[in-house]
Engineer: 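Next up is a structure, given as structure tokens.
Keep in mind the model is a prediction, meaning the values are calculated, not measured. Counting starts at 1 for both ligands and their atoms, in listed order.
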Amino acid sequence: MKLSTLGWNKFFEKNFEYLKIQGLMPGRVVKESRHLYRVYCEEGQLQAEVSGHFHYTAVYKSDYPTVGDWVALRIVDNTAMIEKVLPRSSAFSRKAAGDETEEQVVAANIDYLCIVCGLDGGRNFNLRGIERYLAMAREGGAQPVMVLNKVDLCTNRQQALLQARSVGGDIPVYLVSALDGEGTGELGMSFTTDSTVAFAGPSGVGKSALINKLMGEDVQATGSQRDSDRRGRHTTTHKELFFLEGGAMVIDTPGMRELQLWGSEEGLENTFSEIYKAARNCRFRDCTHQGEPGCAVEELLAEGGLEVERYQNYLDMRAELNYLESRVSEKGRLERKNREKELSRITKKLNKERD
Ligand SMILES: Nc1nc2c(ncn2[C@@H]2O[C@H](COP(=O)(O)OP(=O)(O)OP(=O)(O)O)[C@@H](O)[C@H]2O)c(=O)[nH]1
Ligand SMILES: [Mg+2]
Ligand SMILES: [Zn+2]
């Protein structure tokens, strides 16, 4: 298998240089379950696990490999050991569930994030939820794409499209049906060769059904029709990367009930651009847009240029991110910094030795 068909590029090549001279081999993680990984490399498919040294040096959950990651492998007695995760060119992350303040990387090195919704009338097409996905896609450096599935059940397409545009601006929107295949050809064709696309969204919107359609065969199990309107039913439990005939790669992910935010407030700027634009005209530089005199955002709200629900969602997300940031401890940040310093010291040393 050629590395370029797996998405290998200059960025990874550069970051792999010092590992290559240690005799390691690059591979891409296509499946992960309970610390066992399936990896594709030049030689084909391998089962892999992280090495003892990796375990020892890993500090955070996000240090571990995830689907889409490029890793450095050492083959020991027919077993592939993962010694390193290469720096990610992009990632779709969320805050891990529970009380811990930790990043969970859902998919790594993705070019596009397909935010999948279900037009089956009801909670599967939630604009406030989409705003959260949009912010997280951009925070992680992936291009968001909106996929409105189950269009076969939709009674007002025009309205759905308008609603999608009201939150997504000019990002691509696809109206599709995994059931009868409407629009799926166009969606598949929009993914360029060698690009990686992750499908994300709540449970039951049809992510796996769409991937099956794009693959032309049933590679993933889908929920039964009856389950699709039951809350909290999760059919896909592990993420997995698949290769489309056109050369793109798609990652199926388990549905999430709620996407908890990860990152910083800056991540909101593109998603709520009209708010940030208006904010430049607020009387106070540090205006919070919550009752200060001369607030241009509230003026926009009063004029009807900004929906109340959207404004409220912005305030909620901002508060969530600020709270998160305050909890990411200084200690953790220092730890990370020291490790990065150490790494760059080793890299420099190795580069010097090589010259
Ligand atoms: N009518 C209709 N039903 C669909 C369509 N796409 C998927 N479904 C149905 O919706 C249900 C859920 O589909 P899945 O593909 O399992 O949903 P999912 O998003 O992968 O769900 P999780 O794996 O739980 O996250 C199944 O019963 C599908 O048959 C569609 O375009 N139209
Ligand atoms: Mg699924
Ligand atoms: Zn203001």
Side-chain angles (χ1 to χ4, degrees), residues 31 67 94 106-107 113-126 129 133 147-155 157 160 174-188 198-215 217-242 250-259 265 268 272 274-303 305-306 311 314-315 318:
K31 194 175 182 179
V67 172
R94 63 161 170 169
V106 180
L113 181 81
C114 281
I115 305 166
V116 187
C117 310
L119 298 179
D120 40 9
R123 67 191 166 82
N124 278 340
F125 185 43
N126 172 340
Y133 278 92
V147 178
L148 313 184
N149 188 33
K150 309 200 188 186
V151 69
D152 56 286
L153 299 175
C154 177
T155 47
R157 292 169 179 229
Y174 291 89
L175 285 163
V176 300
S177 167
L179 188 75
D180 59 28
E182 183 182 344
T184 55
E186 286 89 332
L187 176 65
F199 280 52
S203 186
V205 294
K207 298 179 293 297
S208 301
L210 276 172
I211 285 181
N212 287 343
K213 199 81 196 169
L214 292 171
M215 290 290 288
E217 61 176 311
D218 288 351
V219 290
Q220 286 289 71
T222 57
S224 77
Q225 210 47 258
R226 199 167 52 91
D227 290 335
S228 69
D229 44 48
R230 227 197 286 160
R231 249 198 139 90
R233 166 89 198 197
H234 295 270
T235 306
T236 306
T237 52
H238 298 287
K239 32 198 174 183
E240 186 164 350
L241 180 149
F242 298 96
V250 287
I251 299 175
D252 193 6
T253 68
M256 305 171 196
R257 200 163 306 164
E258 201 209 33
L259 181 66
E265 197 198 316
L268 300 181
F272 298 101
E274 83 278 34
I275 294 182
Y276 284 84
K277 203 168 148 214
R280 286 188 226 136
N281 297 321
C282 291
R283 185 178 307 161
F284 301 111
R285 247 176 167 332
D286 57 354
C287 184
T288 66
H289 326 307
Q290 288 170 293
E292 289 97 333
C295 172
V297 173
E298 284 183 291
E299 212 169 282
L300 187 68
L301 198 63
E303 284 167 0
L306 172 63
Y311 164 73
Y314 159 72
L315 293 181
R318 189 180 70 181

Engineer: Number the atoms of ligand 1 from 1 as they appear, then name those within less than 4.0 Å of a heavy atom of H234, with their elements.
Structural biologist: 24 (O)
Engineer: How are the rings of H289 and Y314 set to each other: parallel, tilted or perpendicular (split at 30° and 60°)?
Structural biologist: tilted
Engineer: Report yes if L153 has an N/O atom closer than 3.5 Å to an N/O atom of ligand 1; otherwise report no.
Structural biologist: no
Engineer: May I ask you to list the atoms of ligand 1 that are less than 4.0 angstrom from any heavy atom of D152?
Structural biologist: 1 (N), 2 (C), 30 (C), 31 (O), 32 (N)
Engineer: Taking distance alone, with no angle check, do S208 and ligand 1 share an N/O pair under 3.5 Å?
Structural biologist: yes
Engineer: So, 2.8 Å as the limit: is an N/O/S atom of T222 located closer than that to the Mg ion (ligand 2)?
Structural biologist: no
Engineer: So, of the N/O/S atoms that H289 has, which is the nearest one to the Zn ion (ligand 3)?
Structural biologist: ND1
Engineer: Which atoms from ligand 1 have a heavy atom of L179 less than 4.0 Å away?
Structural biologist: 1 (N), 2 (C), 30 (C), 31 (O), 32 (N)
Engineer: Closer than 4.0 Å to some heavy atom of A209 - which atoms of ligand 1 meet that?
Structural biologist: 6 (N), 7 (C), 15 (O)
Engineer: Of the choices C117, S203, P202, G201, which has the non-hydrogen atom that lies closest to atom 24 (O) of ligand 1?
Structural biologist: S203
Engineer: Return the option from G255, G223, A200 holding the heavy atom at the smallest distance from atom 28 (C) of ligand 1.
Structural biologist: G223
Engineer: Of all the heavy-atom pairs spanning C282 and A296, show the shortest one and how long it is.
Structural biologist: SG-N, 3.4 Å
Engineer: For A221, is at least one N or O under 3.5 Å away from an N or O on ligand 1?
Structural biologist: no
Engineer: For a distance under 2.8 Å, tell me if T235 has an N/O/S atom near the Mg ion (ligand 2).
Structural biologist: no
Engineer: What closest approach, in Å, do I251 and A107 show between heavy atoms, and which atom pair accounts for it?
Structural biologist: CD1-CB, 4.0 Å
Engineer: Do T222 and Q220 have side chains that get closer than 4.5 Å, going by heavy atoms?
Structural biologist: no
Engineer: State, to 0.1 Å, how close K239 and T253 come at their nearest heavy-atom pair, and which atoms those are.
Structural biologist: CB-CA, 4.2 Å
Engineer: Any chance you could measure Q290, atom CD, to L315, atom CG, to the nearest 0.5 Å?
Structural biologist: 4.5 Å
Engineer: Flag the pair N149 / V205 as yes when at least one side-chain heavy-atom distance between them is below 4.5 Å, and no otherwise.
Structural biologist: no
Engineer: Can you find an N/O atom of T222 closer than 3.5 Å to an N/O atom of ligand 1?
Structural biologist: no
Engineer: Return the minimal non-hydrogen interatomic distance between E240 and V67, and the atom names on each side.
Structural biologist: C-CG1, 4.3 Å
Engineer: Report yes if some N/O of T236 lies less than 3.5 Å from some N/O of ligand 1; otherwise report no.
Structural biologist: yes
Engineer: Once rounded to the nearest 0.5 Å, what's the spacing between atom CZ of F199 and atom CD1 of I115?
Structural biologist: 12.0 Å
